[in-house]
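What follows is a single structure, written as structure tokens, with notes after it.
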Amino acid sequence: MSALEIDNVCKDFGTTRVLEEVSLAIDSGEFLILVGPSGCGKSTLMNAIAGLEPVTSGRILVGGEDITWRTPAERDIAMVFQSYALYPSMSVRGNIAFGLEMRKVPKAEREAAVERVADLLQISHLLERKPAQLSGGQRQRVAMGRALAREPQIYLFDEPLSNLDAKLRVEMRTEIKKLHQRLGTTIVYVTHDQIEAMTLADSIAVMREGRILQLGTPDEVYNNPVDKYVAGFMGSPSMNFIDATLQGQAGDYRLHVITDGEEELVLPWPAERETPALAEHVGGTLTLGVRPEHFAEEDARLGDRAEGTLLSARVSVVEPTGADILLQLPLGDGEVTARVGPDCRVRPGERLDLRVDMRRGVLFAADSDTRLA
Ligand SMILES: Nc1ncnc2c1ncn2[C@@H]1O[C@H](COP(=O)(O)OP(=O)(O)O)[C@@H](O)[C@H]1O
Ligand SMILES: [Mg+2]
């Protein structure tokens, strides 16, 4: 039995369909991340789970029980929003205990819950302060504490970190991961930050225009995307998309890429990555997807053992990030991004030999963006 099941949920606002036959199920203790561009329906889905928005059709089940038509108070679910409002006149203690008080939890139990979450979130020393006396990160912890004070069946987090600065976000991300590991709670978490998605999730649902395009583990959505949209959405910098013509036949497929309108690069497609769908596209144009990290600076020391196809390109931009270096270089009819090691000494305008690992490449139909191989 699933901890949470969304069964064919549709949601209309007036004549606009915002959720289109959304179905998913998660197990108890699972951390599900919803990602997708702004306006794709993430918050609407969360509000439907919480009971803040009625669905137009479909069902929502918690622990096997149909809760579709229950009020928010009748659902055993706690939610943390992007813009969390703390009560300014109440202390941190009062803010954390407030929801319990509303639910008529006895005082001794309330106090024990406050101590427990304060300890967990390391805000025990702040309990008597007012929200105005807290930093942004501390306020965020209090908002989280308010949800954690209860022990509901499911927690919903809707972009809880998006108002924090970059450093704090990363710290809080780790805190949330630790919390989940420690408490083993079932969580549905919305973010548009795909690093947050990759690092926190047991499973990721990639949404677009009210639909779930792919539901899978972080590894599956990153390495085995169902289509070009998911491939481009997950990963930063994004996957490179290169127009290529498919030539050859089964056992010997090659991708021809024209660079600068003249030079032709031939990339053999690994036999183990062939699919029957390729046969129908010989002579046609496909989109080759290559992630930045699947380029590598040619290493002469590896000699014949080096993996991948060698190419040479004039580097146009060099962007050191500290841990590695991002290079922009012309390939196909545009520029691609390659991620190389921090010791690469190439300068803008110089030529560089790179290998591209085609075993990690993906192929999409140029017209429909569906995955071919
Ligand atoms: N109360 C509402 N009335 C009408 N349209 C809404 C309402 N809430 C959201 N929408 C629309 O539904 C779509 C999805 O919104 P939302 O779920 O907030 O997206 P996300 O959280 O993914 O950014 C958007 O086009 C938005 O304008
Ligand atoms: Mg939203």
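All residue numbers refer to positions in the sequence shown, counting from 1. In listed order, ligands and their atoms are each counted from 1. In this text the structure is predicted, and so the values were computed from the model without any measurement.
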Within a radius of less than 6.0 Å around CZ of R70, do more than 12 heavy atoms belonging to other residues, nucleotides or ligands occur?
yes

Decide, yes or no, whether a salt bridge links E65 with R59 under the criterion of side-chain N to carboxylate O below 4.0 Å.
no

Taking both backbone and side-chain atoms into account, decide whether S38 has an N/O/S atom under 2.8 Å from the Mg ion (ligand 2).
no

Taking the side chain as every heavy atom from C-beta outward, state whether W269 and E274 have any pair of such atoms under 4.5 Å apart.
yes

Which protein non-hydrogen atom lies closest to atom 1 (N) of ligand 1, naming both residue and atom, and how far is it?
F13 CE2, 3.5 Å

Does CZ belonging to R351 count more than 12 external heavy atoms closer than 6.0 Å?
yes

SB check E272 R359 (cutoff 4.0 Å):
no

Which residue in the set K177, R173, R169 passes salt bridge (Lys or Arg N to Asp or Glu O under 4.0 Å) when paired with E196?
R169

Protein heavy-atom partner closest to atom 23 (O) of ligand 1 - residue, atom, separation in Å
G39 N, 2.7 Å

Considering N47, T16, T44, which one's heavy-atom position lies nearest to atom 16 (P) of ligand 1?
T44

Flag: protein heavy atom within less than 4.0 Å of atom 26 (C) of ligand 1
no

Just let me know how V18 lines up against ligand 1, side chain, backbone, both or neither, with a heavy-atom cut-off below 4.0 Å.
side chain

Heavy-atom gap G36 to ligand 1 smaller than 4.0 Å
no

Would a search of protein heavy atoms around atom 19 (O) of ligand 1 find one under 4.0 Å away?
yes

